[in-house]
Trainee: 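The structure's right below; bear with me while I get my questions together.
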Amino acid sequence: MASNSDIPERPAQLRRGDYGAPSTADLRSPCPIVNALANHGYIPRDGRNVRSGEMYAAMAELGASCTVRATLTFGSYYEHHDQLEGGFWDFIRNPLTYVLGPFGLRDVNQRDSEGVKCLNLNQLARHDAVEHDVSLSRRDHAQGDNCTSQKDLVATIVSSSTDSRYVSTTDFAALRVHRLQQQKQDNPSLNVGRTHLLTTSGQVAFLQTLFGGGFPRYRVPVSYMKALFEEERLPVREGWSKRVWISVGFLESLIQTQVLRRCIKRILRDEGLEYPR
Ligand code: HEM
């Protein structure tokens, strides 16, 4: 696990877009991409009181479409409510909270000093809201720290490329299967199922569509993966720039999610395994 002393102090004069590793006082999340947005100053570098408008605008720097940005922001800035008890009547009284409450990340009434909805980045680690077991770069909640990037897991991610140049859809799928098998051994209270397969595939597919060089292969260069996961930095120096001809939308990411999901299932089947239900 990375200790605070591994993290350098952030230089004082950084402009929006400049990369700076976080200081020991900054808050970070289990999401490498959101952390990269903070490390480039597209959202507050200290990771505190991040406004929903700031998160929405920052995701434009990745080339994500307005609809994707609005949906991700609206969902994650929803107030968190654990599963409501009243069933049917709760649903009738407040259908949106009934559906979105368990996935929301914001505390009830959490706003900044000017009354604007905000989040601290470490709140993204709220377990079983969006954060789930079997991440690629983080350990599970039951193992004690589900937020900090783990050097050994990141090393496995960057070495997952079979041709040493690109991480392909098949490489990503094999990596997910490997992590699943690893966590089955390491975490006796593992919590995975069909929704898990969908969410984890969706996260990786979204990464592939933003950084993977376009339809239909979405191969992410190993150098980009190193920047994103080792330093939580956008791979601009390595040659990446956000897509401008058309932003990355839901349909494209959903299609790639399906492709990845099928590939994961095929690898499991070939190995005589099944995705846990
Ligand atoms: C904008 C583009 C985004 C991309 C491409 C992206 C991609 C990813 C990826 C690939 C992971 C998995 C990391 C791993 O398994 O180690 C992840 C994790 C996560 N992301 Fe994002 N993300 C994005 C935005 C967001 C936003 C806006 C939020 C919420 C504010 C968010 C919340 C999370 C959380 C909570 C996790 C942890 C899930 C886990 O347990 O692994 N992400 N994201």
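Atoms within a ligand are numbered from 1 in the order they appear, just like the ligands themselves. Keep in mind that what you see is a predicted model, and the values were worked out from it rather than measured.
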Trainee: List, by chain and then residue number, the residues other than Y218 in its hydrophobic cluster (Ile/Leu/Val/Met/Phe/Trp/Tyr, side-chain heavy atoms under 4.5 Å); write none if there are no others.
Mentor: F215
Trainee: Can you tell me which residue among L121, N120, V130 is in a side chain to side chain contact (heavy atoms under 4.5 Å, CB included) with L105?
Mentor: V130
Trainee: Closest approach of I264 and S201, non-hydrogen atoms and distance?
Mentor: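 I264 and S201 have their closest heavy atoms at CD1-OG, 3.7 Å.
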Trainee: Which one holds for L210 and ligand 1: side chain close, backbone close, both close, or neither close, with close meaning a heavy atom under 4.0 Å?
Mentor: side chain
Trainee: Once side chain to side chain donor-acceptor pair (under 3.5 Å) is applied, do any residues pair with R106, and if so which ones, sequence neighbours excluded?
Mentor: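 Residues passing side chain to side chain donor-acceptor pair (under 3.5 Å) with R106: none at all.
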Trainee: With a heavy-atom distance limit of 4.0 Å, tell me whether L62 approaches ligand 1 through its side chain, its backbone, both, or neither.
Mentor: side chain
Trainee: Has ligand 1 got any nitrogen or oxygen that is less than 3.5 angstrom from a nitrogen or oxygen of L136?
Mentor: yes
Trainee: Which ligand 1 atoms are under 4.0 Å away from a heavy-atom of M59?
Mentor: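 Once the distances to M59 are compared, the set is 1 (C), 27 (C).
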Trainee: Do me a favour and list the nearest non-hydrogen protein atom to atom 41 (O) of ligand 1 with residue, atom name and distance?
Mentor: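 Heavy-atom neighbour on the protein nearest atom 41 (O) of ligand 1: S135 OG, 2.5 Å.
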Trainee: Output yes when a side-chain donor or acceptor of D18 lies under 3.5 Å from a complementary backbone atom of R15, and no otherwise.
Mentor: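 Looks like yes, one N/O pair under 3.5 Å.
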Trainee: Give the C-alpha distance, both sets of side-chain angles, the deciding distance and a yes or no for side chain to side chain donor-acceptor pair (under 3.5 Å) between E232 and N39.
Mentor: CA-CA 7 Å; E232 303 197 325; N39 293 340; 4.7 Å; no
Trainee: With heavy-atom distances below 4.5 Å as the criterion, would you say the side chains of V222 and S164 are in contact?
Mentor: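 Contact flag for V222/S164 side chains = no.
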Trainee: Which residue owns the protein heavy atom closest to atom 30 (C) of ligand 1, what's the atom, and how far is it?
Mentor: S76 OG, 3.4 Å
Trainee: Got a sec, which residues hit side-chain contact (heavy atoms from CB on, under 4.5 Å) with D270, two or more places apart in sequence or on another chain?
Mentor: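 D270: side-chain contact (heavy atoms from CB on, under 4.5 Å) contacts with R266.
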Trainee: With atom 21 (Fe) of ligand 1 as the centre, enumerate protein N/O/S atoms below 2.8 Å in chain and residue order.
Mentor: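 The answer is C31 SG.
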Trainee: Is the closest N or O pair between S137 and ligand 1 shorter than 3.5 Å?
Mentor: yes
Trainee: Using the ring of each side chain (for Trp, its six-membered ring), is W240 parallel, tilted or perpendicular to F211, with breaks at 30° and 60°?
Mentor: tilted
Trainee: Answer yes or no for R93 and W89: cation-pi contact, defined as NZ/CZ to six-membered ring centre under 6.0 Å and angle to ring axis within 45°.
Mentor: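 Pair R93/W89 does not count as cation-pi.
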Trainee: So is there a nitrogen or oxygen of H132 less than 3.5 Å from a nitrogen or oxygen in ligand 1?
Mentor: yes
